[in-house]
Visitor: 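Sharing a structure, written as structure tokens. Questions coming.
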Amino acid sequence: MTALLTDLNPEQLEAVTWPHQSALILAGAGSGKTRVLTTRIAYLLQSGLTQPQNLLAVTFTNKAAREMVARISTMLPINIRGMWIGTFHGLCHRMLRAHYEDAGLPQAFQILDMADQLAVIKRILKERSLDEKVLAPRQLQWFINNAKEEGLRASQVDTRGSFNRTLAECYQVYEAVSMRGGTVDFAELLLRCYELLSRNEILRDHYRGRFEHILVDEFQDTNRLQYQWIKLLAGSGSQQHAAIFAVGDDDQSIYAFRGAHVGNMRDLEKDFSVPKIIRLEQNYRSQGNILDAANALIENNKGRLGKNLWTAAGKGESVRIYYAATDVDETSFIVDEIKALHAEGLSLSEIALLYRSNAQSRVLEHGLFNASISYRVYGGMRFFDRQEVKHALAYLRLVASPDDDNALLRVINFPPRGIGARTLEQLQDQAEILGTSLWQAALKVCEGRKAVTTRGDQPGRGIAGFVNLVLSMQQACEGQPLPEIIRRVVDQSGLVAHYQAEREGNNERLENLKELVNAATSFVHEAEDDSLTAFLAHASLEGGEHQAEGYQDAVQLMTVHAAKGLEFHSVFISGLEEGLFPHENSRNEPNGLEEERRLMYVAMTRARQRLYLSYAESRMLHGQVRVNVPSRFVDEIPEELLKRLRSSGFSGAGYRQGLSGTGQNTVSTAYSRQGRGKHTPVSAAVRVAPQGLNTAGLHIGQQVSHTKFGTGTIVNYEGNGSDMRVQVNFHQTGTKWLSLTYAKLVPL
DNA sequence: CGCCAGAACATTTTT
DNA sequence: TGTTCTGGCG
């Protein structure tokens with residue numbers, strides 16, 4: 001016990017040993033938030049105050065949940081099985097699976113991710129022949145998810161006005177379609193679970209009796225429904241059974257745009273009569289100047305719960321700021337600094353390049369690539385989102401739950417088997433008439449057809465071919481272990497054959513299909529429930545993070561949002577310009593500027609030792625050069641904390657002057673940069689500059705020679721790793737795309 | 001049914 | 001500018 005509590009500062013100790021009563025912990029960046037959370041759990045268990053099965057800990061990401069499990073396991077020798085640790089969606093999903101009948105769901109209900117949901121919505125809009133200009137699919141998706149997060153069903157939303165009525169009607173159709181297909185979207189997981197608990201007294205009492213402690217991570221990011229769910233589980237007022245231990249930081253609330261409601265912090269305080277907020281203000285990450293700068297910045301926000309980070313470490317280095325003439329200049333400054341840091345022995349993975357929006361990564365990538373610096377870009381496409389994987393998953397869904405229209409539509413003609421728009425329309429009409437799923441309609445069509453004639457039906461093609469395929473898959477999978485099921489379905493689906501038959505560029509796809517089998521194999525080892533349905537749920541809920549890429553020493557490029565929760569020795573925040581950061585769109589949002597400021601606060605507090613801020617006077621954006629004014633956030637940092645670096649050609653005028661203008665006037669287009677050509681779908685989240693033997697020292701502008709084509713200049717590149725291709729302008733034969741794996745290019 | 005050209009669009013994002 | 005989506009044509 002004592003070992004557990006040593007090295008905690010007084011506030012951390014107070015939080016960890018807090019009595020059985022709800023608490024709100026205001027945990028600043030780098031203040032040991034996760035440590036407090038996990039130590040609290042270990043403390044409760046070790047001191048016998050509670051049992052594992054009486055604990056529920058909820059996070060937002062699977063990564064955070066895993067980290068929590070891992071840390072508790074190292075602290076305690078006990079088996080933490082029985083404890084409910086997971087994401088909101090994961091825990092709700094668990095409850096719904098356990099009580100699917102009470103929740104009114106089929107046993108094999110499937111989870112729709114955002115893309116699946118959007119596809120359903122597009123279909124609904126098309127069927128109702130609603131013009132996309134009148135109602136954009138995304139808008140309807142947003143509306144439905146929002147309604148659900150407010151706890152509203154289609155019958156409960158506002159129907160005043162024709163537009164609202166249209167929205168409500170579409171929502172109603174969407175509900176019906178979901179019901180029939182047995183599908184549940186992300187928001188539905190939460191709402192369904194909430195409704196289940198609020199309606200079913202027996203279940204509610206069961207869970208209330210069970211959970212004595214509910215711990216919530218990143219509480220500032222909870223939306224209204226999530227908070228209601230927590231409240232329901234804990235029971236409030238005289239009904240309160242569980243103590244809520246909420247940890248969060250209002251200054252790091254950066255997800256309002258997706259429904260996060262910081263107000264939940266104050267609500268919790270009130271609803272659960274939290275006697276006092278515990279503030280964790282001692283920072284163990286950054287040096288003094290960095291914290292002072294961040295504190296000064298965030299001070300400009302109103303209505304904060306209030307907090308001031310401090311450190312026992314020294315002042316450290318000044319915050320460096322660089323004013324560049326152009327984005328290219330900004331990039332070359334950053335590249336030079338990275339080279340210098342690397343030369344001093346700092347590993348590249350300790351350097352982060354942060355930006356407000358993804359579009360900014362391009363210039364940076366270009367610069368890094370040309371300097372042969374390895375880098376990794378976060379936020380690419382997730383494994384389970386890839387086209388070929390989604391196709392395979394759709395077949396698997398049909399095996400598990402053939403009434404899922406979305407899955408059916410995705411693969412009914414992929415690989416192509418002669419089912420065109422016409423046939424599909426007939427099938428949809430048929431389903432409409434019968435009031436059934438497309439699958440049922442397809443079965444009917446086949447039966448009828450068989451009775452009349454099979455003439456003209458080539459085996460394996462048409463509706464009959466598809467129906468037979470799915471039926472035989474279902475048969476082949478009966479009683480098989482999961483990896484075998486996947487292997488058979490992938491094989492029988494014809495996906496592999498299809499991709500093999502296509503020329504070029506499908507190696508990665510084929511690899512991913514193999515990888516899917518591997519994913520299933522490791523899933524079987526890890527999960528308690530190794531059914532197909534469980535695997536499909538895993539694919540939807542824990543999609544991306546399976547791809548733990550091997551460690552590579554590379555500079556880390558990501559948006560500020562993606563950087564939350566991470567830390568680095570050195571951090572570059574680029575593009576500090578009005579209109580970019582703060583982003584111009586934030587002007588139209590309520591409290592938009594304050595959210596942008598919090599974003600900046602998050603960005604700054606990622607740095608341990610060294611923080612660079614940079615600004616470019618002119619920048620290429622959307623194909624036009626724009627001239628910008630420095631971000632107001634730079635001016636909010638006290639001068640004495642800054643060390644100004646200057647580019648030689650910069651006029652110097654502009655900063656610390658009137659910031660009233662929007663700062664976006666278009667000037668010349670006399671500007672050139674290497675384009676990147678058509679660009680393969682950048683599916684990989686990782687793009688690492690060539691370093692190996694074959695590719696060492698290659699960069700744009702490099703002269704190379706090729707045995708067949710002679711000499712030329714590298715003008716472009718695309719892809720990554722073994723798939724990387726370069727475009728070479730050969731003096732004799734013109735430009736050619738060459739794969740680095742096959743072509744023997746010799747640098748000159 | 002597939003391909004290509006032209007248009008439209010362009011914060012942030014996890015589950 | 002780059003990327004994605006759509007519609008028309010072969």
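Throughout, protein chains are lettered first and strands after them, A, B, ... in sequence-line order, and every chain is numbered starting at 1.
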Visitor: Mind telling me whether A:F414 and A:Y499 have parallel, tilted or perpendicular rings, with 30° and 60° as the class edges?
Guide: tilted

Visitor: Test salt bridge (Lys or Arg N to Asp or Glu O under 4.0 Å) on A:R619 and A:D329; report intermediate values, then the result.
Guide: CA-CA 10 Å; A:R619 172 180 303 275; A:D329 178 19; over 6 Å; no

Visitor: Classify the glycosidic conformation of B:dT11 as syn or anti, calling it syn when the angle lies within 90° of 0.
Guide: syn

Visitor: What's the CE-C1' distance between A:M381 and C:dT4, to the nearest Å?
Guide: 11 Å

Visitor: Closer to the 5' end of DNA chain B via nearest nucleotide, is it A:G420 or A:S540?
Guide: A:G420

Visitor: Determine the interplanar angle of the A:F219 and A:Y227 rings, folded into 0 to 90°, and report it as parallel if under 30°, tilted if 30 to 60°, perpendicular if over 60°.
Guide: perpendicular

Visitor: Would you mind reading off the distance between A:E365 atom CD and C:dG2 atom C1', rounded to a whole angstrom?
Guide: 13 Å

Visitor: Taking the C1' atom in each of C:dT3 and B:dT14, what is the distance between them to the nearest angstrom?
Guide: 24 Å

Visitor: Roughly how many Å is it from CD in A:Q117 to C1' in B:dT15, rounded to a whole number?
Guide: 11 Å

Visitor: Looking just at side-chain N and O atoms, do A:Y601 and A:Q252 make a donor-acceptor pair shorter than 3.5 Å?
Guide: no

Visitor: So what does A:F60 hit on the nucleic acid, given a heavy-atom distance under 4.0 Å: a base, only sugar-phosphate, or nothing?
Guide: sugar-phosphate

Visitor: Quickly work out the A:L225 CG to B:dT15 C1' distance and round it to whole Å.
Guide: 13 Å

Visitor: Using a cut-off of strictly less than 4.0 Å, decide whether A:R382 has a side-chain nitrogen or oxygen near OP1 or OP2 of B:dT14.
Guide: no

Visitor: Could you check whether the rings of A:F523 and A:H538 sit parallel, tilted or perpendicular, using 30° and 60° as the cut-offs?
Guide: tilted

Visitor: Please classify the nucleic acid contact of A:N413 as base, sugar-phosphate, or nothing, using heavy-atom distances under 4.0 Å.
Guide: sugar-phosphate

Visitor: Could you tell me how far C:dC5 sits from B:dT12 if I compare only their P atoms? Round to whole Å.
Guide: 15 Å

Visitor: Using whole Å, report how far CZ of A:R422 lies from C1' of B:dC1.
Guide: 11 Å

Visitor: Within this structure, what is the CZ-to-P distance between A:F384 and B:dT14, rounded to whole angstrom?
Guide: 16 Å

Visitor: Listing time: all N or O pairs from protein to nucleotides 9-13 of chain B that are below 3.5 Å?
Guide:
residue: B:dT11; atom: O4'; partner: A:H583; partner atom: NE2; Å: 3.3
residue: B:dT11; atom: O4; partner: A:E589; partner atom: OE2; Å: 2.2
residue: B:dT12; atom: OP1; partner: A:N358; partner atom: N; Å: 2.7
residue: B:dT12; atom: OP1; partner: A:N358; partner atom: ND2; Å: 3.0
residue: B:dT12; atom: O4'; partner: A:R356; partner atom: NH2; Å: 3.0
residue: B:dT12; atom: O2; partner: A:R356; partner atom: NH2; Å: 2.7
residue: B:dT13; atom: OP1; partner: A:T559; partner atom: OG1; Å: 2.8
residue: B:dT13; atom: OP2; partner: A:N358; partner atom: ND2; Å: 3.4

Visitor: How many Å lie between CG on A:D327 and P on C:dT1, as a whole number?
Guide: 13 Å

Visitor: Quick one: list whatever passes side-chain hydrogen bond (donor to acceptor under 3.5 Å, both in side chains) with A:T559, sequence neighbours left out.
Guide: none

Visitor: Could you pull out all residues at least two apart from A:A57 that satisfy side-chain contact (heavy atoms from CB on, under 4.5 Å)?
Guide: A:I41, A:M68, A:I85, A:L215

Visitor: Taking atom C1' in both B:dT11 and C:dT6, compute the distance separating them and give it to the nearest angstrom.
Guide: 25 Å

Visitor: Separation of A:D385 atom CG from B:dT14 atom P, in whole Å?
Guide: 10 Å

Visitor: Would you classify A:L91 as touching base, sugar-phosphate or nothing, given that sugar-phosphate means primed atoms plus P, OP1 and OP2, and contacts are heavy atoms under 4.0 Å?
Guide: nothing

